[in-house]
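Just so it is clear, the model here is predicted, and its values are computed rather than measured.
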Amino acid sequence: MIMKKSNTYLFIIVIIISAFVSILYSDKKKIFPHNTHIENDVECKTCHTKTETSKSEKDNNFPDNYGICSEECHEGDMREELDLQYSQPQYKLKFNHEVHIEQDLKCTKCHKGLESSNFKPGSAFPEMKVCFECHNNDDAPKTCTLCHLEKMPFPHPVHLENDVECESCHKEIPSSSKTKRGKDIPQKGICAEECHEASEKGAEVILFDAVKQAKNLVVVFNHQVHIEQDLKCTKCHKGLDKKDAKPGDFFPKMKICFECHNNDDAPKTCTLCHKVKVEFPHKLHLENDLECDGCHTNIKNSTFTTGAPDIPPKKICNECHEAEDKFPDVVVFPYRQTYRFNHQEHVVNQELDCKDCHKVLYEKEKPKKTELVPKMEYCFECHDNETATQYCMLCHLNPTKPKDHYYDWDNFHRKNANRDLKNCIGCHQSKNFCISCHKGIKKPAKTHNSNFEVTHKYEARTSIKNCYACHTTRQCRNCHISQSVSYKSATKYKKIHPSGWVDKTSPNFHKRKARLRLKACVACHTKKDCYGCHNPSGVGPRR
């Protein structure tokens, strides 16, 4: 009885789950069922009405609209139930459907897979080998340019599937003992000479692309020795049999070499192939779970790195590799930096991982020299003046000007500093930064001595230009007014002296003002300033 109840409950749960799943996916459109229509002898041209007159790849052979289902066979709008979207591969081909239909060829002859219930949109695009079933120069011409408009990469998979040996085209490989990059690429004319008729024009559409991936790598390789070991070409050149492979993907990676060259099956001496120094392969070592401090042993104790002293010596390679491998003879350490850096603070104190800054070493096999130095944006992830200081001079010994510091910034930066000093302090946090340029003569804000309020008039008399390096006359006037050493009437004017200062008939004539408040005058002037206009005797204008 208990068993029956449990089975009943289980059945109810299954029903509930099934109902829930059906509701959940009820709105999901189904892929158009080609197989169902083919099983019911529905002709492809019933929907694809334009194929019978299609002569170009530019022709759109899809149904005119989704409503064609309702117009011809079904009732209601089938768009609500079916997904009729189909994306054609972007091959630059021209294809004449009309000619093939006139030969009474079924669509499924080329578009294989349509009759399968597991068909997926895009999977029925004809493969090259399907074309060759008819285009064999007996039943139909094998001229490639009938369809192919422009050159394409050499189709290695098609040739390998037809058991064509690599040596058939790469004739010099078996006897090649000093192969350099791109030297064993066969000539285009070999297609017509060996297998294809000249009329097929295979060489006109096939692009023999040298190995782009190794364009900066100077390697001398002995194919002859490897072929004598009965090694297949695909052992090293992996990916030749893949349909989506691109030129450059076939160049063997270093880890493939190490499958045999491990000092047991074959010597691991790098100079067998590498005749010129190569850059240190960081990514290869990281993929083998090697820690950075295994080579960079001084990083944790480095507090003032400049000029790349934390780069390990070349002999450190021999701590893992045998001395006869001659790694230091082929490896170059290109890293150079123009700033100082405290690795100890970041690695030990802050417990940051090397990957946080040197991201490119984990992503690229051959990063550029300029990429080895971390980008500034990585620094700003922490150095935001909250998590860590944003003061540039901690690291940059010879900083370059930011984009907003235009070419004549030196002549105008005081105005920007007067307007928004906080913006400057965002980077230039230390007053020593300003002093490094002003040299104590043109002293910027907040660096004047404690008695500067009393002594600055003497410095101003010595050279007013020093003051103007940072200050404007407006600042002098406002301060003098607040300290009662200037005339309030001057606030109406841009200059310290009001209008009519030298006009005897003006109420602002300086003679009258001086008698009322001489203290205001001597705040800036001395007797010598008066003598510039008046006689030394003081009894009238100087003559």
Side-chain angles (χ1 to χ4, degrees), residues 279-317 319-320 328 331-405 417 421-438 444-447:
E279 294 180 6
F280 183 79
H282 282 91
K283 193 170 187 292
L284 177 64
H285 287 72
L286 294 170
E287 288 174 347
N288 286 277
D289 300 325
L290 295 178
E291 296 293 335
C292 297
D293 56 6
C295 298
H296 300 274
T297 54
N298 294 325
I299 285 294
K300 292 183 178 180
N301 299 321
S302 175
T303 59
F304 197 82
T305 303
T306 56
D310 293 328
I311 301 301
K314 295 181 180 180
K315 64 181 181 181
I316 202 169
C317 301
E319 293 184 5
C320 298
V331 177
V332 59
F333 300 91
Y335 186 91
R336 290 293 181 271
Q337 67 187 51
T338 58
Y339 58 91
R340 59 188 175 190
F341 191 79
N342 190 327
H343 273 101
Q344 185 184 74
E345 174 64 27
H346 292 74
V347 177
V348 180
N349 299 344
Q350 302 298 329
E351 298 181 352
L352 295 177
D353 192 82
C354 300
K355 188 176 183 180
D356 294 332
C357 299
H358 299 282
K359 297 179 182 181
V360 68
L361 299 180
Y362 294 76
E363 298 169 355
K364 293 186 179 181
E365 292 187 4
K366 285 184 65 61
K368 298 178 182 178
K369 293 181 180 180
T370 55
E371 293 177 325
L372 296 176
V373 179
K375 296 180 180 179
M376 186 70 73
E377 62 189 66
Y378 300 156
C379 302
F380 287 151
E381 290 178 3
C382 296
H383 290 274
D384 54 4
N385 276 339
E386 293 182 2
T387 307
T389 178
Q390 205 174 59
Y391 181 53
C392 304
M393 295 299 289
L394 285 176
C395 297
H396 293 279
L397 299 174
N398 298 306
T400 56
K401 293 181 179 180
K403 292 181 179 179
D404 63 343
H405 289 34
L421 186 60
K422 290 182 179 180
N423 189 38
C424 303
I425 296 175
C427 297
H428 308 291
Q429 294 180 346
S430 173
K431 63 183 181 181
N432 292 327
F433 180 85
C434 301
I435 294 176
S436 64
C437 291
H438 291 278
K446 296 185 180 180
T447 61

| task | Using modelled atom types only, decide if a donor and an acceptor are shared between the side chain of N288 and the backbone of L290 within a distance under 3.5 Å. | result | no
| request: Name all residues meeting the ring-ring contact (aromatic ring centres under 6.0 Å, His included) criterion together with H282; count only those two or more places apart in sequence or in a different chain, and write none if there are none. | output: F280
| said: Within this structure, what is the OG-NE2 distance for the pair S302 and H296, rounded to the nearest 0.5 Å? | reply: 11.5 Å
| said: I'd like to check the salt bridge (Lys or Arg N to Asp or Glu O under 4.0 Å) partners of K300; sequence neighbours left out, ordered by chain and number. | reply: D293
| request: Could you list the residues that satisfy side-chain hydrogen bond (donor to acceptor under 3.5 Å, both in side chains) with N349, not counting sequence neighbours? | output: E345
| task | Check side-chain contact (heavy atoms from CB on, under 4.5 Å) between F380 and all other residues, then give those that pass, not counting sequence neighbours. | result | M376, Q390
| Residues in side-chain contact (heavy atoms from CB on, under 4.5 Å) with C357, at least two apart? | P374
| query | So which heavy atom on P328 is nearest to which on K314, and how close? | reply | CG-O, 3.2 Å
| CD/E351: more than 12 non-hydrogen atoms of other groups inside 6.0 Å | no
| field | Those residues that, when tested against P367, pass side-chain contact (heavy atoms from CB on, under 4.5 Å) (two or more places apart) | value | V360, L361, K364, E371, L372
| query | If you take all heavy atoms of F333 and I311, which pair is closest and at what distance? | reply | CB-CG2, 3.6 Å
| If you look only at pairs with a residue in residues 346-377, which of them pass as a ring-ring contact (aromatic ring centres under 6.0 Å, His included), with sequence neighbours excluded? | F341-H346
| field | CD-NZ distance between E363 and K283, expressed to the nearest 0.5 angstrom | value | 9.0 Å
| field | Minimal non-hydrogen separation, C292 against L286, with atom names | value | SG-CD2, 4.2 Å
| field | T303: partners by side-chain contact (heavy atoms from CB on, under 4.5 Å), with sequence neighbours left out | value | N342, Q344
| task | Check salt bridge (Lys or Arg N to Asp or Glu O under 4.0 Å) between K359 and all other residues, then give those that pass, not counting sequence neighbours. | result | E381
| Donor-acceptor contact below 3.5 Å, side chain N301 vs main chain N298 | no
